[in-house]
Amino acid sequence: MSKTDNVKGYEDKKTINWYPGHMAKTKREIAEKINLIDVIYEVIDSRMPLSSKIIDIDNLIKNKPRIVIFTKYDLCDQEETNKFVSYYESLGYKVICCDLINNKNVVNKIIAESNIILKDMNEKRKEKGLKPRAIRALVVGVPNVGKSTLINRLVGRKAAVIGDKPGVTKALSWIRINKDIELLDSPGILWPKIENQTHAYNLASLSSIKEEILDPYELSTHILKTMYKLYPENLKNRYGIETIDFDDIVPTLDLIAVKRGALLKGGEKDYDKVYSIIIRDLKENLLGNVTFDRIEEIQK
């Protein structure tokens with residue numbers, strides 16, 4: 001059977017697991033250093049505010065004060081993402097939404113919130129007869145969620161390596177922002193087995209899991225299926241797709257092949273190129289602003 005013969009139940013064909021050794025090591029090192037940390041900067045991708053949240057982060061960071069930072073806010077469906085913002089705020093977290101590339105105000109917002117925590121911390125230290133010290137913040141999140149870009153914004157210079165693929169940062173490292181704030185940067189963290197395969201495909205679709213471990217047909221089909229369910233007009237605008245038959249995806253792939261010129265000699269469809277186009281178009285925001293999670297998943 002060809003990859004393009006039938007896609008029904010494709011999600012069950014492969015369980016996505018992505019947990020290289022440095023992630024396990026990172027979690028151990030964070031556990032060892034957590035008593036040194038005063039505040040957590042939990043970084044979440046605004047396009048997948050549930051899928052990109054580390055599922056066991058509460059066990060990892062204990063009861064430390066937390067600032068939840070929604071990155072790539074300019075790329076998300078803000079109406080849907082704001083529902084998650086309200087939900088996380090209802091849990092008592094301070095939430096800051098930002099476009100890290102263009103929004104310089106985010107630095108002031110994060111530092112202002114950190115200074116509030118710093119003031120409280122040093123008042124308690126003073127009561128104990130201890131000297132004031134700089135606040136120590138742990139930056140944590142799944143791979144490729146924007147941690148390094150955030151750090152560089154905060155520091156005001158290139159202090160962390162930035163890449164468009166997951167797994168760029170490999171070890172914990174301390175970085176000083178100013179005399180009042182020190183950051184502990186951490187590699188992206190996932191969990192040994194991703195039970196929710198929809199979340200796994202969302203992570204892969206938006207670069208938090210390396211594409212190489214997935215069949216591009218399955219990944220591109222997930223993108224089409226999700227887009228058709230949540231944003232059908234975006235598919236229509238980009239590819240001219242009016243409807244999708246999930247029992248037979250071939251006509252949809254053929255339509256994209258013709259629309260985007262993914263053709264071989266003799267007019268044969270170049271499906272590998274079609275898969276690449278779909279995956280790239282999502283990542284480059286050519287399918288519009290999207291949010292792949294829905295608040296109803298939490299509210300069930």
Side-chain angles (χ1 to χ4, degrees), residues 1-21 23-24 27 42-60 72 75-77 80-81 83-84 87 141-145 165-167 187-232 234-235 244-250 252-253 271-272 274-276 278-283 287 290-300:
M1 179 181 291
S2 168
K3 288 181 182 178
T4 56
D5 285 343
N6 196 309
V7 298
K8 186 176 182 180
Y10 76 92
E11 299 97 328
D12 297 326
K13 290 182 179 179
K14 183 175 182 178
T15 298
I16 302 176
N17 292 314
W18 171 240
Y19 197 66
M23 291 186 182
K27 294 182 76 171
E42 181 183 2
V43 186
I44 292 176
D45 189 325
S46 296
R47 300 167 298 174
M48 43 178 179
L50 183 57
S51 297
S52 67
K53 196 174 194 312
I54 300 172
I55 59 173
D56 58 351
I57 189 169
D58 291 344
N59 295 330
L60 188 64
K72 309 181 185 182
L75 305 178
C76 75
D77 176 348
E80 293 299 328
T81 294
K83 297 175 184 178
F84 286 92
Y87 171 74
V142 301
N144 207 36
V145 77
K165 291 186 177 181
I189 297 174
L190 288 173
W191 33 104
K193 184 177 181 181
I194 304 176
E195 298 289 350
N196 187 315
Q197 291 298 286
T198 297
H199 291 176
Y201 275 91
N202 289 345
L203 287 164
S205 297
L206 294 165
S207 299
S208 286
I209 295 176
K210 287 186 177 180
E211 296 171 21
E212 291 83 350
I213 72 167
L214 293 174
D215 187 316
Y217 159 74
E218 293 181 351
L219 183 55
S220 58
T221 302
H222 170 76
I223 293 170
L224 287 176
K225 182 176 180 180
T226 304
M227 289 296 302
Y228 185 68
K229 178 181 177 182
L230 302 179
Y231 303 103
N234 297 36
L235 282 184
I244 294 179
D245 180 354
F246 290 108
D247 289 327
D248 184 8
I249 200 71
V250 175
T252 300
L253 298 174
Y271 291 114
D272 287 335
V274 171
Y275 306 149
S276 297
I278 295 167
I279 295 167
R280 183 197 65 216
D281 281 358
L282 176 66
K283 291 180 180 178
L287 296 181
V290 300
T291 296
F292 269 21
D293 293 322
R294 288 295 181 268
I295 196 67
E296 289 76 16
E297 294 182 67
I298 295 176
Q299 296 174 340
K300 287 179 180 178

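Nothing here was measured: the structure is a model prediction, and the numbers come from that model.
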Determine yes or no for a side-chain-to-main-chain donor-acceptor pair under 3.5 angstrom, with [X] supplying the side chain and [Y] the backbone.
X      : Y      : value
Asp281 : Leu287 : no
Asp56  : Asn59  : no
Ser220 : Tyr217 : yes
Ser52  : Asp45  : yes
Tyr271 : Val250 : no

Nearest-0.5 Å distance, CD1 of residue Ile295 to NZ of residue Lys83: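 One finds 8.5 Å between CD1 of Ile295 and NZ of Lys83.
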
CG on Leu224 to CG on Leu235, rounded to 0.5 Å: 6.0 Å

Just wondering, do [Y] and [X] contact through their side chains at under 4.5 Å, heavy atoms?
X      : Y      : answer
Lys225 : Ile244 : no
Leu253 : Ile278 : yes
Tyr231 : Asp77  : yes

Charged N-O contact under 4.0 Å between Arg294 and Glu297: no

Residues Asp293, His199; criterion side chain to side chain contact (heavy atoms under 4.5 Å, CB included); working and verdict: CA-CA 8 Å; Asp293 293 322; His199 291 176; 4.0 Å; yes

Donor on one side chain, acceptor on other, Thr81 and Ser46, under 3.5 Å: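 No, no side-chain donor-acceptor pair sits under 3.5 Å.
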
Stepwise side chain to side chain contact (heavy atoms under 4.5 Å, CB included) check, Lys53 with Glu42: CA-CA 8 Å; Lys53 196 174 194 312; Glu42 181 183 2; 3.0 Å; yes

Mutual orientation of the aromatic rings belonging to Phe292 and His222 [parallel < 30°, tilted 30-60°, perpendicular > 60°]: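 Geometry flag for His222 against Phe292: perpendicular rings.
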
Audit row: Leu60, Ile54, side chain to side chain contact (heavy atoms under 4.5 Å, CB included) steps and yes/no: CA-CA 10 Å; Leu60 188 64; Ile54 300 172; 5.6 Å; no

Steps toward side chain to side chain contact (heavy atoms under 4.5 Å, CB included) verdict (Ile298, Leu50): CA-CA 8 Å; Ile298 295 176; Leu50 183 57; 4.1 Å; yes

